[in-house]
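In what follows, a structure is listed as structure tokens, so that the remarks can point back to it.
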Amino acid sequence: MSGKTPVKKVSTKRTEKDIKSFSEEVAPKLDPKARNMCLKCRGAKKLCGKDECPVLMKYHSQVDSERKGKFDTEEITGNSPPSVFIGRHNYPKVSVGPMVPPEKGDTSIYSRPEKWYSKKDLNDIVNMRASLARGKRELRKDVNIQDLSRDVEEVRYLALAKKPAETEVRFKKKLEDSMKLDGRSQPHGPSAPMESFKRGSMSSDQHLEKVFYDRDLKAEKAVKRLYQRDVSVSRIQDIFMVGGTGTKGSRKFVPTRWSITAVDDIIGKDLRRAVKRYRPINKWRVYEASYLDNKWVVVLTPESWRYELIEAFYPETTWNPSKDSITIFGDHEEFDGRDDYASIGGCYYSGRLAVLEKLEEERKQAGAIILREAKPGYILPVGVWNVRESVRNALKEEPVKFETEKKTFKHLKQVLDLKFEQWLSVSKLLTSRQKQKNLMSFT
């Protein structure tokens, strides 16, 4: 049972002329109030009033129909990457369980998005993740770490594994040929309630183990310590979600999608405090990258810390079900950050973390604007890791530098496929300098 199934590919071959023409035709149809709902919701907030997200249901039916008969068993033996998943439904009575592929050997890459960029395309990612079957054990009480069954305790220890661990999962019923898609976390394969879970002998990551057994260390400090020890963000998210951080009595299971954003936010805030003490860069910088048919343009501005993420989704791409109009949406923060949760969701914090890592590396301060164009080939949601890793890799490239805002804007008009005026209509930071100049004329 290989668990590997191809996903239909969508042709994304368009000339620059085609894209510019398309942009000009669609631009007049932009209606942020009506068409930004899906981009703002991303299948999580039920803003359309429906119990199930129509966008995700569409993708589920497409992928599931191609996987028929691939999982027809009540038992799976294989090496977990390691990987654990915590559901969010019926919180705080969440479902806890391992994710296991019917494969032996080194499966670590299945759950390490830091290794996917440029090496894995959309088909690769979907095939890998679809091979991970998820066992579920619903907690009877709440999410506090106390009085856990042996199976659940074994799942927690799995998050400490240094390498893929041998596991065996027996389910209470046969697995269904289905795939779970989510806007924040990575996709995964079929799931079912667990009858039992067994974990073979394994060696633990020493950094994760020290935090796991330190019951006097607060969760935020634990996350920061692991990051400072060069533990990957995805591994930190794993231990955070299984209640492996925090003081005794305060440890809780955290749903996977919440854990991802919480860790991005904790690390990001810590880096932001450091970055705001540095001197600003002295020139405008523009970085570029492309991945999974997404174009990323990152602009660093010579000023104090400010941050903005704007995403534009082409018709019939992820989070834009419209057949004839582009959806564009964004959110931002000023020097002191923000008190409320970003309306654009977890991707906001993933992108911010990537930018702050770059500034901390250079010991510099800057304003940052991330512009994302999701093209026709981006047809499945794969999680916010895509934002983090794409921006990280864009910032590894050599930037184009400019002395003035005017020259920077001229360059942006050349590298962005959508008309620059569309970005300006949404952006708070790209237009703020012009507004400040206008105000100065009255003084």
Side-chain angles (χ1 to χ4, degrees), residues 16 117-118 267-291 294-312 328 330-338 347-373 387-441 443:
E16 183 176 347
Y117 187 86
S118 77
I267 299 172
K269 284 179 178 177
D270 192 49
L271 291 173
R272 186 176 63 190
R273 280 190 286 270
V275 163
K276 290 198 294 187
R277 296 195 296 264
Y278 303 143
R279 295 178 63 85
I281 60 177
N282 58 10
K283 292 183 180 181
W284 293 71
R285 302 182 190 175
V286 179
Y287 299 82
E288 292 183 58
S290 294
Y291 182 52
N294 284 251
K295 173 178 283 189
W296 302 87
V297 176
V298 184
V299 185
L300 297 186
T301 61
E303 60 184 333
S304 299
W305 169 256
R306 305 166 82 199
Y307 168 68
E308 183 171 44
L309 169 64
I310 306 176
E311 299 181 319
I328 186 168
D331 218 331
H332 77 290
E333 65 183 57
E334 298 292 342
F335 183 78
D336 292 326
R338 57 186 304 133
C347 56
Y348 178 92
Y349 302 94
S350 294
R352 187 182 68 179
L353 170 59
V355 169
L356 287 165
E357 286 178 331
K358 176 65 174 180
L359 294 174
E360 170 61 19
E361 178 187 334
E362 293 189 18
R363 302 181 73 81
K364 291 290 186 180
Q365 183 174 181
I369 304 163
I370 301 173
L371 306 176
R372 174 190 188 182
E373 292 181 339
V387 180
R388 186 190 316 110
E389 299 309 316
S390 294
V391 175
R392 276 177 167 176
N393 281 275
L395 294 172
K396 291 178 182 178
E397 301 296 326
E398 189 67 27
V400 182
K401 298 181 179 181
F402 301 96
E403 297 287 346
T404 65
E405 176 188 70
K406 184 177 181 180
K407 291 181 179 179
T408 305
F409 282 14
K410 182 179 180 180
H411 179 72
L412 290 175
K413 291 178 181 179
Q414 296 173 344
V415 299
L416 290 165
D417 293 325
L418 301 186
K419 294 179 68 174
F420 192 57
E421 289 71 21
Q422 293 179 241
W423 298 104
L424 292 177
S425 70
V426 175
S427 176
K428 302 296 183 182
L429 303 193
L430 286 174
T431 57
S432 62
R433 285 172 175 262
Q434 292 298 322
K435 292 177 180 178
Q436 290 172 2
K437 290 177 183 178
N438 292 337
L439 287 173
M440 289 295 291
S441 65
T443 60

Inset, instruction - Taking the side chain as every heavy atom from C-beta outward, state whether Pro302 and Asn282 have any pair of such atoms under 4.5 Å apart. - result: no
Inset, instruction - Under the ring pair (Phe, Tyr, Trp, His ring centres under 6.0 Å) rule, collect the residues that match up with Phe420, sequence neighbours excluded. - result: Phe409
Legend entry - Trace of the side-chain contact (heavy atoms from CB on, under 4.5 Å) decision for Phe402 with Thr404: CA-CA 6 Å; Phe402 301 96; Thr404 65; 5.6 Å; no
Inset, instruction - Please report the closest heavy-atom contact between Val355 and Ala368, naming both atoms and the distance. - result: CG1-CB, 3.5 Å
Legend entry - Audit row: Tyr278, Glu360, side chain to side chain donor-acceptor pair (under 3.5 Å) steps and yes/no: CA-CA 9 Å; Tyr278 303 143; Glu360 170 61 19; 3.0 Å; yes
Legend entry - Lys276 side chain reached by Gln365 side chain, heavy atoms, under 4.5 Å: yes
Inset, instruction - Evaluate the side-chain proximity of Tyr287 to Val400: yes if any heavy-atom separation is below 4.5 Å, no if none is. - result: no
Inset, instruction - Measure the acute angle between the ring planes of Tyr307 and Tyr348, then classify it against the limits of 30° and 60° as parallel, tilted or perpendicular. - result: perpendicular
Inset, instruction - Examine distances only and state if a side-chain atom of Ser427 and a backbone atom of Trp423 form a donor-acceptor pair shorter than 3.5 Å. - result: no
Inset, instruction - Report yes if the side chains of Val391 and Ile370 come closer than 4.5 Å at any heavy-atom pair, otherwise no. - result: yes
Inset, instruction - Using side chain to side chain contact (heavy atoms under 4.5 Å, CB included) as the criterion, list what pairs up with Lys283, not counting sequence neighbours. - result: Lys401, Glu403
Legend entry - Closest approach of Ala289 to Ser390 (non-hydrogen atoms, all atoms of both residues): CB-O, 4.1 Å
Legend entry - Any residue meeting salt bridge (Lys or Arg N to Asp or Glu O under 4.0 Å) with Glu288, in chain and number order, not counting sequence neighbours: none
Inset, instruction - Go through the steps for Val298 and Ile369 under the test side-chain contact (heavy atoms from CB on, under 4.5 Å), then give the verdict. - result: CA-CA 6 Å; Val298 184; Ile369 304 163; over 6 Å; no
Inset, instruction - With sequence neighbours left out, write down each residue that passes ring pair (Phe, Tyr, Trp, His ring centres under 6.0 Å) with His332, or none if nothing qualifies. - result: none
Inset, instruction - Measure across Glu308 and Val426 and return the closest heavy-atom pair with its distance rounded to 0.1 Å. - result: OE2-O, 4.2 Å
Inset, instruction - Output the distance between atom CG (Asp336) and atom OG (Ser304), rounded to the nearest 0.5 Å. - result: 10.5 Å
Inset, instruction - Side-chain contact test, heavy atoms from C-beta onward, threshold under 4.5 Å: evaluate it for Thr301 versus Arg306 and give yes or no. - result: no
Inset, instruction - Could you pull out the closest heavy-atom pair between Thr431 and Leu424, with the gap in Å? - result: CG2-O, 3.5 Å
Inset, instruction - To the nearest 0.5 angstrom, please state how far the CD atom of Glu311 sits from the SG atom of Cys347. - result: 4.0 Å
Inset, instruction - Could you check if a side-chain atom of Leu359 sits within less than 4.5 angstrom of a side-chain atom of Trp305, using non-hydrogen atoms only? - result: yes
Inset, instruction - Grab the two heavy atoms, one from Gly268 and one from Leu356, that are nearest each other, plus how far apart they are. - result: O-CD1, 3.2 Å
Legend entry - Partners meeting salt bridge (Lys or Arg N to Asp or Glu O under 4.0 Å) with Arg273 (sequence neighbours left out): Asp270
Inset, instruction - Please name all residues satisfying salt bridge (Lys or Arg N to Asp or Glu O under 4.0 Å) with Arg272, sequence neighbours left out, ordered by chain then number. - result: Glu333
Inset, instruction - Would you indicate whether the side-chain heavy atoms of Glu373 and Leu418 approach each other to under 4.5 Å? - result: yes
Legend entry - Sub-4.5 Å side-chain heavy-atom contact between His411 and Trp284: no
Legend entry - Passing candidate, side chain to side chain contact (heavy atoms under 4.5 Å, CB included) with Leu395, options Lys358, Arg285, Glu357: Lys358
Legend entry - Flag for Tyr291-Glu389: side-chain donor and acceptor within less than 3.5 Å: no
Legend entry - Worked check of side-chain contact (heavy atoms from CB on, under 4.5 Å) between Lys269 and Arg352: CA-CA 9 Å; Lys269 284 179 178 177; Arg352 187 182 68 179; 3.9 Å; yes
Legend entry - Arg388 side, atom CZ; Leu353 side, atom CG - distance, nearest 0.5 Å: 6.5 Å
Inset, instruction - Report yes or no: does Lys295 contribute a side-chain atom to a donor-acceptor pair with the main-chain N or O of Val415 at less than 3.5 Å? - result: yes
Legend entry - Point-to-point distance, once rounded to the nearest 0.5 Å, from CG of Leu416 to CD of Gln422: 10.5 Å
Legend entry - CZ (Arg338) with more than 12 external heavy atoms under 6.0 Å: yes
Inset, instruction - Please step through salt bridge (Lys or Arg N to Asp or Glu O under 4.0 Å) for the pair Lys428 and Asp331, ending with a clear verdict. - result: CA-CA 8 Å; Lys428 302 296 183 182; Asp331 218 331; over 6 Å; no
